[in-house]
Amino acid sequence: MPNYDSQKKLFSYKNAFIFTGVVLIGLAIFNLVGTNVLSTQGFAVSEVETKTMSLEKENHQLSVKIEEATTLGSLQKFAEDRGFIRSKSIVFVPATSTFASR
């Protein structure tokens, strides 16, 4: 077996140690990059959740304002401010028939 010595040199402890070290360093770098990516995505999700909460709060405030503005008392005050007056008598105008006569 003439190539036995070359195989022995190829699989030496030194080469195995260097290979293991390179693999471990590569895995550590991969883990660091993955953790960094997940961390920055977490901050983005947190910002979106904060924005969502503020929009929900604003939406609730606007719906309360809409409910207050649509009450009959506030509508009457709004109409009076615009110069409308309450009618004392109601006039009914007879409507003509909209169907064709035979």
Side-chain angles (χ1 to χ4, degrees):
M1 293 199 178
N3 290 333
Y4 180 71
D5 289 335
S6 64
Q7 286 181 355
K8 200 173 190 182
K9 289 179 184 177
L10 181 66
F11 296 114
S12 68
Y13 287 112
K14 184 178 180 181
N15 288 342
F17 183 71
I18 291 172
F19 178 74
T20 304
V22 168
V23 168
L24 286 177
I25 290 172
L27 288 174
I29 291 172
F30 181 73
N31 186 18
L32 183 65
V33 169
T35 302
N36 186 26
V37 167
L38 290 175
S39 174
T40 55
Q41 286 177 354
F43 284 123
V45 169
S46 176
E47 289 175 7
V48 169
E49 285 178 351
T50 303
K51 182 70 173 173
T52 302
M53 294 286 282
S54 67
L55 289 175
E56 285 177 355
K57 185 177 179 181
E58 183 181 354
N59 188 22
H60 180 70
Q61 291 172 349
L62 290 174
S63 65
V64 167
K65 285 182 181 179
I66 288 171
E67 288 176 10
E68 289 174 355
T70 57
T71 61
L72 291 177
S74 64
L75 288 176
Q76 180 180 356
K77 184 177 182 312
F78 181 74
E80 289 172 356
D81 291 343
R82 298 283 186 228
F84 290 93
I85 58 171
R86 183 179 291 266
S87 176
K88 302 293 182 206
S89 63
I90 300 175
V91 178
F92 291 101
V93 178
T96 59
S97 177
T98 57
F99 296 104
S101 299
R102 286 186 187 196

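Quick caveat, the model's predicted, so the values are computed rather than measured.
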Under the side-chain hydrogen bond (donor to acceptor under 3.5 Å, both in side chains) test, which residues partner Asp81, sequence neighbours left out? Lys77

In short, Leu75 meets Thr70 closest at the heavy-atom pair CD1-O, 3.8 Å

When Ile, Leu, Val, Met, Phe, Trp and Tyr are grouped by side-chain heavy atoms lying under 4.5 Å apart, directly or through other members, which residues fall in the same group as Tyr13? none

What's the spacing between His60 NE2 and Leu62 CG if we round to 0.5 Å? 10.5 Å

Atom pairs and distances, donor-acceptor, side-chain atoms in residues 24-43, under 3.5 Å, two or more places apart:
residue, atom, partner, partner atom, Å
Asn31, OD1, Thr35, OG1, 3.3
Thr35, OG1, Asn31, O, 2.8
Thr40, OG1, Asn36, O, 3.2
Thr40, OG1, Val37, O, 2.9

Does Phe92 sit in a hydrophobic cluster with other residues, and if so which ones, taking ILVMFWY side chains as linked at heavy-atom separations under 4.5 Å, directly or through other members? Ile90

Students should find that the hydrophobic cluster of Ile66, defined by side-chain heavy atoms under 4.5 Å apart, otherwise consists of none

Nearest 0.5 Å please: distance from the NZ atom of Lys65 over to the CD atom of Glu68. 9.0 Å

If hydrophobic residues (ILVMFWY) are linked whenever their side-chain heavy atoms come closer than 4.5 Å, directly or via other members, who joins Ile18 in its cluster? Val22

Gap between atom OG of Ser63 and atom CD of Glu58 - 0.5 Å precision: 11.0 Å

Considering only heavy atoms from C-beta outward, does the side chain of Lys51 approach that of Glu47 to under 4.5 Å? no

